[in-house]
There are 2 protein chains.
Amino acid sequence: MECAGRRPKHRWRLKVRAIDAAQPFDDETKLLSTLERRKTLTIGVIGFGNFGQFLTKRFVQRGHSVIATSRGDYSQVAMKMGIKFFQDADDFCEEHPDIVIVCTSILSTESTLRSFPLQRLKRNTLFCDVLSVKQFPKQLFIQLLPDNFDILCLHPMFGPDSGKDSWRELPLVFDKVRVGNDAHRNERCTSFLEIFEAEGCRMVEMSCEEHDRQAASSQFITHTVGRMLGTMELAETTISTKGFESLRCLVDNTYNDSFELYYGLFMYNKNATAELSRLEFAFAKVKSELFDRLHERIRDDIFDE
Amino acid sequence: MECAGRRPKHRWRLKVRAIDAAQPFDDETKLLSTLERRKTLTIGVIGFGNFGQFLTKRFVQRGHSVIATSRGDYSQVAMKMGIKFFQDADDFCEEHPDIVIVCTSILSTESTLRSFPLQRLKRNTLFCDVLSVKQFPKQLFIQLLPDNFDILCLHPMFGPDSGKDSWRELPLVFDKVRVGNDAHRNERCTSFLEIFEAEGCRMVEMSCEEHDRQAASSQFITHTVGRMLGTMELAETTISTKGFESLRCLVDNTYNDSFELYYGLFMYNKNATAELSRLEFAFAKVKSELFDRLHERIRDDIFDE
């Protein structure tokens, strides 16, 4: 009998079962193993540069088992992080990670994937990317990956600098491009996203196409302005306003990124050219406002109107 | 006898005089009146718009006596602030303020000054400006003001927004362009600057010429970028990075300023054209880096190199 009125509320969190019914003998073991499965994922990282290592650290801290492979030899770095590194991609695949996360640069993703022994991964694999453009890897994955792979496209909008101490409130954009209907596949995808959720990320579910539209007018423009001002070599002044300081800060945060990344944001986002043109048009407009006014004044002097 | 070891330290702030020497009978009164003179200045504000009102509030809070004049009728605002407003510039001048501070816009300063009854001010007047360009008012003042006026050029690098709550750590640039040698003139200039010092401003003594060099590459460029992005009408996105947020912040802080101010920063700072060209050149360079690379890739495809 249930006596809701008498039981303290917090007791209700447990699922009540009729205790006089017979339980399967291994009920507890089964539940535990499900819990265990939910908790620890084997995550395979392809591309163990700055960003791959940055993510791996958190995955490991959260108790997941991580393996990595990369063009370069990162076995020393991996050992220090307590994870296995495979120079050989075949060896990496034969470990059958539950989730594979591609952490290569935008420019090298396609060639890496085309030469990767995908057939050695188990058929039931969740494949992810973390590129700053999204439509491109989505299409690439759909084209190159076996049909039975799940696909989850991610863009953690932070990196080793901005997410150094905490990921709290930092946006993670995700698009469940293709996740199979069965419970396990759904659960695995959820468990993986929960890592970011648990770190405090602001979870933003958005189509890859919409991401690229928004990113062209925000991230790409931000990088363009940063590179412009970086190219100008703005010197620090003793009379900097707050606005100027924030621009110098922007230069530090973008101009130090590789040109490869910037070029990737441009080349692999089809909305970028239009945004660049809009910026150019705006610059021309501001300039013409200044010069028209100047011209007007000189004309007035010449013609003494 | 001085017994430094015994006296508590704070007692030493008082100047010790030999108490057995005869004091002039009005010693105390004289000291008090000096103190009084140092403390309260009569400050005349020309141009009682946003910025003039913003400064006046602090001057009044610090116990100074302020009078104001302006093209428009601000008598109601002035009354609320407890100061006298003169619609008539002659009446304003006949009040003989110790200090006159010009708070007009860059564009209207020259015409205001040329029609102002400067001859009605007392010969011993300290004349100041607070424009965002400095060489222009300096030359204008030297050309138009009577030789016996002192000239102090100021640029408070903050305004009603950034300096709303506190002026702490906000830069005040000043150039003592012409301050007479006698003690009173020096003291008056110092007392006036002390208002800003007491409010916590970072005091930056700098020639008007150097100010304009630095401001063109910082403040003018900041405003140009702000207006560019403002013209572009950057929309807020759900996936804004910190860098993008700081750009949107910049737009809020610059694009809302009048075009007049921006045009003033350009027109009345002879270093601005060169800085605008540098920015344009940098933009062209960034763009060509992108397009050269794109072209290279297409060429490779065409010629199959």
Side-chain angles (χ1 to χ4, degrees), chain A residues 155 157-158 162 170-171 173 202 204 206 211 213-215 217-219 221-244 246-250 253-254 259 262-263 266-267 272 275-276 278-283 285-287 289-290 293-294 297, chain B residues 155 157-158 162 170-171 173 202 204 206 211 213-215 217-219 221-244 246-250 253-254 259 262-263 266-267 272 275-276 278-283 285-287 289-290 293-294 297:
Chain A
H155 182 198
M157 303 205 60
F158 50 92
S162 53
L170 298 174
V173 181
R202 186 159 62 77
V204 185
M206 182 184 283
H211 169 277
R213 262 191 298 276
Q214 292 200 15
S217 69
S218 58
Q219 205 188 14
I221 288 298
T222 306
H223 274 256
T224 303
V225 171
R227 295 200 82 83
M228 235 167 100
L229 299 175
T231 303
M232 243 190 113
E233 293 177 5
L234 288 181
E236 199 185 350
T237 69
T238 40
I239 55 168
S240 305
T241 52
K242 284 179 185 175
F244 184 64
S246 76
L247 282 187
R248 280 179 47 85
C249 214
L250 179 71
N253 287 334
T254 53
F259 178 73
Y262 177 58
Y263 178 67
F266 173 66
M267 172 76 175
E275 288 302 315
L276 192 65
R278 288 210 318 129
L279 185 66
E280 202 174 1
F281 182 76
F283 192 13
K285 189 151 179 268
V286 169
K287 245 189 58 189
E289 277 166 359
L290 288 181
R293 183 76 176 265
L294 210 59
R297 181 166 160 162
Chain B
H155 183 197
M157 303 203 62
F158 50 92
S162 53
L170 298 173
V173 181
R202 187 159 62 77
V204 185
M206 181 184 280
H211 169 278
R213 263 192 296 277
Q214 294 200 15
S217 69
S218 59
Q219 203 188 16
I221 288 298
T222 306
H223 275 256
T224 302
V225 171
R227 294 199 83 82
M228 237 167 99
L229 299 173
T231 302
M232 245 189 111
E233 292 177 6
L234 290 179
E236 201 183 349
T237 69
T238 39
I239 56 168
S240 306
T241 53
K242 286 179 185 176
F244 184 65
S246 77
L247 282 187
R248 279 179 47 85
C249 214
L250 181 71
N253 287 333
T254 53
F259 178 74
Y262 176 59
Y263 178 67
F266 173 67
M267 171 76 177
E275 289 302 315
L276 191 66
R278 289 211 316 131
L279 185 66
E280 203 173 1
F281 182 76
F283 191 15
K285 190 153 179 266
V286 169
K287 245 188 58 188
E289 278 166 359
L290 288 180
R293 184 75 175 265
L294 210 59
R297 180 164 162 164

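Each chain gets a letter, A, B and so on, in the order the sequences are listed, and its residues count up from 1.
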Can you tell me which of [options] forms the most heavy-atom pairs within a distance under 4.5 Å of chain A?
{"options": "B:Met206, B:Glu289, B:Arg278, B:Lys285", "answer": "B:Arg278"}
{"options": "B:Gly243, B:Pro171, B:Ser218", "answer": "B:Ser218"}
{"options": "B:Val204, B:Leu279, B:Val173, B:Leu229", "answer": "B:Leu279"}
{"options": "B:Val225, B:Asn253, B:Ile239", "answer": "B:Ile239"}

Non-hydrogen atoms of chain A under 4.5 Å away: do they reach the side chain of [X], the backbone, both or neither?
{"X": "B:Phe259", "answer": "side chain"}
{"X": "B:Leu250", "answer": "side chain"}
{"X": "B:Leu247", "answer": "side chain"}
{"X": "B:Ala235", "answer": "neither"}
{"X": "B:Glu233", "answer": "backbone"}
{"X": "B:Ser240", "answer": "backbone"}
{"X": "B:Arg297", "answer": "side chain"}
{"X": "B:His223", "answer": "neither"}
{"X": "B:Arg202", "answer": "side chain"}
{"X": "B:Tyr263", "answer": "both"}

**Message:** Check whether A:Gln214 reaches the backbone of B:Thr238 with its side chain - one donor and one acceptor, N or O, closer than 3.5 Å.
**Reply:**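 Present.
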When rounded to the nearest 0.5 angstrom, what is the spacing between [atom1] in [X] and [atom2] in [Y]?
{"X": "A:Ile221", "Y": "B:Met232", "atom1": "CD1", "atom2": "CE", "answer": "3.5 Å"}
{"X": "B:Thr254", "Y": "A:Phe244", "atom1": "OG1", "atom2": "CZ", "answer": "14.0 Å"}
{"X": "A:Met228", "Y": "B:Glu280", "atom1": "CE", "atom2": "CD", "answer": "9.5 Å"}
{"X": "A:Phe266", "Y": "B:Leu294", "atom1": "CZ", "atom2": "CG", "answer": "5.0 Å"}

**Prompt:** Checking side chain to side chain contact (heavy atoms under 4.5 Å, CB included) for the pair B:Leu170/A:Thr241: CA distance, chi angles, key distance, verdict?
**Reply:** CA-CA 8 Å; B:Leu170 298 173; A:Thr241 52; over 6 Å; no
**Prompt:** For B:Thr237 and A:Ser217, which heavy atoms make the closest approach, and how far apart are they?
**Reply:**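 Residues B:Thr237 and A:Ser217, closest heavy atoms: CG2-OG, 4.4 Å.
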**Request:** Might you work through the side chain to side chain contact (heavy atoms under 4.5 Å, CB included) test for A:Thr224 and B:Lys287, ending with a clear yes or no?
**Result:** CA-CA 9 Å; A:Thr224 303; B:Lys287 245 188 58 188; over 6 Å; no
**Message:** Could you check whether any side-chain heavy atom of B:Thr231 comes within less than 4.5 Å of a side-chain heavy atom of A:Phe281, counting everything from C-beta outward?
**Reply:**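 B:Thr231 vs A:Phe281: side chains apart.
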**Prompt:** Which atoms of A:His211 come close to chain B, meaning under 4.5 Å heavy atom to heavy atom: side chain ones, backbone ones, both, or neither?
**Reply:**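 Contact with chain B is through both the backbone and side chain of A:His211.
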